[in-house]
Visitor: 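I am attaching a structure below and will ask some questions about it afterwards.
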Amino acid sequence: RSVRLSILTTVTCFALGFPTAYFIATRPRHTRNVWLFLITIPFWINLLIRTFAIMELIRNQGVINTILMSAGIIDEPIQMLFTDFAIMVGMTYVYLPLMVLPIYASMEKFDFRLVEAGYDLYATRFKVLKRIILPLTKPGIVAGSILVFIPALGAYVTPRILGGGKNMMLGNLIGLQFGQGRNWPLGAALALTLLLIVMIALLLYVRSVTRKESGRDQ
């Protein structure tokens with residue numbers, strides 16, 4: 001569950017973060033700082049408060065269910081809280097800025113005249129995205145994915161609150177073993193497992209960056 005939810009969170013953050021970063025990078029230079037300021041505002045708020053805010057949105061008597069029932073779309077509340085979906089939504093909201101900022105840093109250096117050249121050569125928007133924009137912003141995408149995947153894998157507060165203690169992730173299981181379970185050997189083994197997974201992810205990132213730099217040197 002931990003790996004699956006972390007991957008889903010990373011993919012969702014990319015799906016939302018890439019267009020956001022592209023939008024900011026294509027704004028006039030004097031307005032970009034305003035958009036970046038809006039992106040970083042959630043970091044000013046405590047993680048616990050942000051998680052309770054998501055709970056208020058998706059609980060049975062929350063904002064989303066109230067709106068859907070008022071509009072006549074549903075007859076009874078949809079159970080979203082205390083599910084894997086709730087955990088993924090919470091982690092996506094928490095870690096989305098960590099995806100936007102690295103991608104924006106890559107796009108800020110991007111020469112958009114290459115996009116215009118692609119259109120002049122009759123390339124479609126999809127081809128321009130696939131052959132020009134994505135390859136040149138790959139370092140930011142990889143960095144953002146690592147920054148989202150690693151903390152999501154070891155998340156504790158968000159799964160604890162939005163999962164209700166039923167849908168645990170590795171961080172919760174480790175805390176349980178060192179706390180109520182009093183099973184420190186198992187807790188240490190799980191912590192080491194989490195460390196190995198994070199190390200593998202970092203090694204893949206370093207290998208990707210090294211390949212890119214060696215390709216440039218050649």
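In this text the structure is predicted, and so the values were computed from the model without any measurement.
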Visitor: Not counting sequence neighbours, which residues clear side chain to side chain donor-acceptor pair (under 3.5 Å) with Asp75? List them please.
Guide: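 Listed in chain order: nothing, the list is empty.
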Visitor: Do Tyr104 and Ile41 belong together in a cluster built from hydrophobic side chains that touch within less than 4.5 Å?
Guide: yes
Visitor: Using the rule that two of Ile, Leu, Val, Met, Phe, Trp, Tyr join whenever any of their side-chain heavy atoms come within less than 4.5 Å, decide whether Ile73 and Leu57 are in one cluster.
Guide: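 Yes: a chain of side-chain contacts under 4.5 Å links Ile73 to Leu57.
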Visitor: Checking Phe37 now: which residues fulfil ring-ring contact (aromatic ring centres under 6.0 Å, His included) with it, not counting sequence neighbours?
Guide: Trp44
Visitor: Can you tell me how far apart CE (Met69) and CD (Gln61) are? Round to the nearest 0.5 Å.
Guide: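 Here the rounded value is 9.0 Å.
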Visitor: Can you confirm whether Asn65 sits close enough to Arg59 that some side-chain heavy atom of one is under 4.5 Å from a side-chain heavy atom of the other?
Guide: no
Visitor: Walk me through whether Leu5 and Met91 qualify under side-chain contact (heavy atoms from CB on, under 4.5 Å).
Guide: CA-CA 9 Å; Leu5 286 177; Met91 292 196 301; 4.1 Å; yes
Visitor: Got a sec, which residues hit ring-ring contact (aromatic ring centres under 6.0 Å, His included) with Tyr93, two or more places apart in sequence or on another chain?
Guide: none
Visitor: Do the side chains of Thr40 and Leu101 get nearer than 4.5 Å, heavy atoms only?
Guide: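 Leu101 vs Thr40: side chains touch.
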Visitor: Report yes or no: do Leu153 and Leu192 belong to one cluster of Ile/Leu/Val/Met/Phe/Trp/Tyr joined by side chain heavy-atom distances under 4.5 Å?
Guide: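 Leu153 and Leu192: separate clusters.
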Visitor: Could you report the tightest heavy-atom contact between Pro42 and Ile39, atom names first, then the distance?
Guide: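 Scanning both residues, the minimum pair turns out to be CD-O, 3.1 Å.
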Visitor: For Ala86 and Ile58, work out which heavy atoms get closest and say how close.
Guide: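 Nearest pair, atom of Ala86 first, then Ile58: CB-CD1, 3.5 Å.
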Visitor: Please answer: with hydrophobic residues joined when any side-chain heavy atoms are less than 4.5 Å apart, are Phe149 and Leu195 in the same cluster?
Guide: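 No, Phe149 does not connect to Leu195 through the hydrophobic network.
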Visitor: Looking at residues at least two apart in the chain, or sitting in another chain, which of them share a side chain to side chain donor-acceptor pair (under 3.5 Å) with Gln79?
Guide: Asn60
Visitor: Working to the nearest 0.5 Å, report the span between CG of Asp111 and CZ of Arg113.
Guide: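 Interatomic distance, Asp111 CG to Arg113 CZ, rounded to 0.5 Å: 4.0 Å.
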Visitor: Holding to salt bridge (charged side-chain N to carboxylate O under 4.0 Å, His left out), I want the full list of residues that pass it with Arg50, two or more places apart in sequence or in another chain.
Guide: none
Visitor: Nearest 0.5 Å, what's the NE2-CG distance between His30 and Asn33?
Guide: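 One gets 10.5 Å once the value is rounded to the nearest 0.5 Å.
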Visitor: Same cluster or not: are Val94 and Phe52 linked, directly or through other Ile, Leu, Val, Met, Phe, Trp or Tyr residues, by side-chain heavy atoms under 4.5 angstrom apart?
Guide: yes
Visitor: List for me each residue that meets side chain to side chain donor-acceptor pair (under 3.5 Å) alongside Asp84, sequence neighbours excluded, and say none if there are none.
Guide: Arg1, Arg4, Asn167
Visitor: Under the side-chain contact (heavy atoms from CB on, under 4.5 Å) rule, what do Val115 and Phe112 come out as? Steps first, then yes or no, please.
Guide: CA-CA 5 Å; Val115 176; Phe112 284 93; 4.2 Å; yes
Visitor: Find the distance between CE (Met99) and CG (Leu147) and round it off to the nearest 0.5 Å.
Guide: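 If I round to the nearest 0.5 Å, the distance is 8.5 Å.
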Visitor: For the pair Thr137 (side chain) and Gly140 (backbone), establish whether a donor and an acceptor sit closer than 3.5 Å, ignoring hydrogens and angles.
Guide: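 A pair under 3.5 Å: no.
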Visitor: Take Arg125 and Leu129 through the test side-chain contact (heavy atoms from CB on, under 4.5 Å) and record every step on the way to the result.
Guide: CA-CA 6 Å; Arg125 292 190 175 187; Leu129 177 65; over 6 Å; no
Visitor: Working to the nearest 0.5 angstrom, can you tell me the gap between Leu190 CG and Asn183 CG?
Guide: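 So the gap between those two atoms works out to 8.5 Å.
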Visitor: Looking at side-chain heavy atoms only, is the closest gap between Ile141 and Ser106 below 4.5 Å?
Guide: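 Ile141 does not reach Ser106 side chain to side chain.
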Visitor: Pair up each side-chain donor or acceptor in residues 12-26 with any protein partner under 3.5 Å, not counting sequence neighbours, and list the distances.
Guide:
unit_1 : atom_1 : unit_2 : atom_2 : d
Thr12  : OG1    : Leu8   : O      : 2.7
Thr20  : OG1    : Leu16  : O      : 2.7
Thr26  : OG1    : Tyr22  : O      : 2.9
Thr26  : OG1    : Phe23  : O      : 3.0

Visitor: Got a sec, which residues hit side chain to side chain contact (heavy atoms under 4.5 Å, CB included) with Ser70, two or more places apart in sequence or on another chain?
Guide: Thr66
Visitor: Side chains of Ile133 and Phe110, heavy atoms from C-beta outward: is any pair under 4.5 Å?
Guide: yes
Visitor: Please enumerate all residues that pass ring-ring contact (aromatic ring centres under 6.0 Å, His included) together with Phe85, with sequence neighbours excluded.
Guide: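 ring-ring contact (aromatic ring centres under 6.0 Å, His included) check on Phe85 returns nothing, list empty.
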Visitor: For Val157, enumerate each residue passing the side chain to side chain contact (heavy atoms under 4.5 Å, CB included) test, keeping only those at least two apart in sequence or located in another chain.
Guide: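 Val157 satisfies side chain to side chain contact (heavy atoms under 4.5 Å, CB included) with Leu47, Leu48, Thr51, Ile161 once adjacent residues are dropped.
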Visitor: Stepwise, does the side-chain contact (heavy atoms from CB on, under 4.5 Å) test hold for Thr92 with Met88?
Guide: CA-CA 6 Å; Thr92 298; Met88 190 196 72; 4.2 Å; yes
Visitor: In Å and rounded to the nearest 0.5 Å, what is the CG to CD distance from Leu36 to Glu108?
Guide: 8.0 Å
Visitor: Extract all donor-acceptor atom pairs below 3.5 Å that involve side chains of residues 168-180 and protein atoms in other chains or at least two apart in sequence.
Guide:
unit_1 : atom_1 : unit_2 : atom_2 : d
Asn172 : OD1    : Met169 : N      : 3.1
Asn172 : ND2    : Tyr156 : O      : 3.0

Visitor: Applying ring-ring contact (aromatic ring centres under 6.0 Å, His included), which residue pairs with at least one partner in residues 117-138 are found, sequence neighbours left out?
Guide: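 Listed once each, the pairs would be none.
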